[in-house]
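Before any comments, here is the structure.
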Amino acid sequence: MEVVILADEREVGAFAAGRIASMIDKHPDAVLGVATGSSPQQTYRVLGEQVAAGLDVSRVSAFALDEYVGLPGDHPQSYHRVIAETVTEPLGLDPSRVHVPDGMALDLDAACADYEDRIAAAGGIDLQLLGIGANGHIGFNEPTSSLASRTRVKTLTARTRADNARFFDDPDQVPRQCLTQGLATILDAHTTVLVATGTAKARAIARIVEGPVQALWPGSVLQLHRRATVVVDEAAAAELELADYYRYTDSQRRLWETERRTD
Ligand code: F6R
């Protein structure tokens, strides 16, 4: 796992956006996995600036990680709408290439199977952008999610509902169920980039990077991924035992990249 520790949220967003932009540069028809929530917002802002500066995203497709069950697509907190407002519209993606699981489907299991089929038909996800819950969830794969899980219906923990209550007028309005890509679905992405900032994420980051791979801390499954990057600010890195080692390896990587550019 590549761990990159940066000064603040701005640098974290710029780093993640840089990785995404260079992938789109190389593969103009790239398939992006996109997250909602606060963590990736700075990444989307910087990416928006790169699009304004000429990055061509006209052939890029996107798949959201998850969606609440029972919120109509025009509800301000449905991930259909959140993705439209924070990703599709500001980046100028083609809406017909942006996918979100259908949390209003009568047959939710069929909607989950259909989502997996749509990802496969697009050729799989090239780069999956992730945030992390304070309880270690990625997507909405709550603690004890199967490490082999695919897109399915999950029940949100009380902790996640409380964390997400800030987006709703009344905490009772936070849905109790969601559809989420599974941990194995996320592992299938060619590359993953997880962004986390702030002290509230420090414990989860230490557990998923340095703890055992275990369903109790679902993000730890990324240790099984060959191209997983975790990008954190100093606050979210606070509980990492080997922080100095990650800073050293990152400085070596930068040195090596500079040398390669001047060769
Ligand atoms: C969102 C998602 C979640 C969030 C996580 C962190 O699509 O899949 O895993 O990334 O709950 O949320 P924030 O970034 O709001 O702290």
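Every value quoted in this text rests on a predicted model; they were computed, and no experiment measured them. First listed ligand is number 1; within each ligand, the first listed atom is number 1.
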Closest approach of any protein heavy atom to atom 10 (O) of ligand 1, naming residue and atom: Gly131 CA, 3.3 Å
Same apolar cluster: Leu127 and Val221, side chain cutoff 4.5 Å: no
Region of Arg166 engaging ligand 1 - heavy atom pairs below 4.0 Å: side chain
Relative to the ring of Tyr68, is the ring of Tyr79 parallel (under 30°), tilted (30 to 60°) or perpendicular (over 60°)? tilted
Tell me which protein heavy atom sits closest to atom 9 (O) of ligand 1, plus the residue, atom name and distance to 0.1 Å. Gly139 O, 2.7 Å
For Thr191 and Gln128, test the side chains for any donor-to-acceptor distance below 3.5 angstrom and give the result as yes or no. no
Ion pair Glu116/Arg150, N-O distance below 4.0 Å: yes
Checking heavy atoms under 4.0 Å, the part of Thr180 that sits near ligand 1 is neither
So for Thr36 against ligand 1, with non-hydrogen atoms under 4.0 Å, the contacting part is both
Can you tell me the protein heavy atom closest to atom 16 (O) of ligand 1 and the distance? Lys201 NZ, 2.7 Å
Just to be sure I'm reading this right: ignoring hydrogens, which of Gln181, Glu142, His137 gets closest to atom 5 (C) of ligand 1? Compare them by their nearest heavy atoms. His137
Return the residue, atom name and 0.1 Å-rounded distance of the protein heavy atom closest to atom 2 (C) of ligand 1. Asp66 OD2, 3.3 Å
Ionic contact status for Asp250 with Arg247, cut-off 4.0 Å: no
Considering Ser39, Gly219, Ala35, Ala196 one by one, which has a heavy atom nearer to atom 14 (O) of ligand 1 than any of the others? Ser39
Any donor-acceptor N or O pair under 3.5 Å, side chains Arg152, Asn141: yes
If you measure only the distance, is there a donor-acceptor pair under 3.5 Å linking the side chains of Thr88 and Arg97? no
Do you know which of Arg226, Arg19, Arg227 makes salt bridge (charged side-chain N to carboxylate O under 4.0 Å, His left out) with Glu2? Arg19
Ligand 1 atoms nearer than 4.0 angstrom to some heavy atom of Ser38 are 13 (P), 14 (O), 15 (O)
Considering distance alone, does some N or O of Tyr79 sit under 3.5 Å from an N or O of ligand 1? no
For atom 6 (C) of ligand 1, what's the nearest protein heavy-atom neighbour? Residue, atom name and distance, please. Ile132 O, 3.3 Å
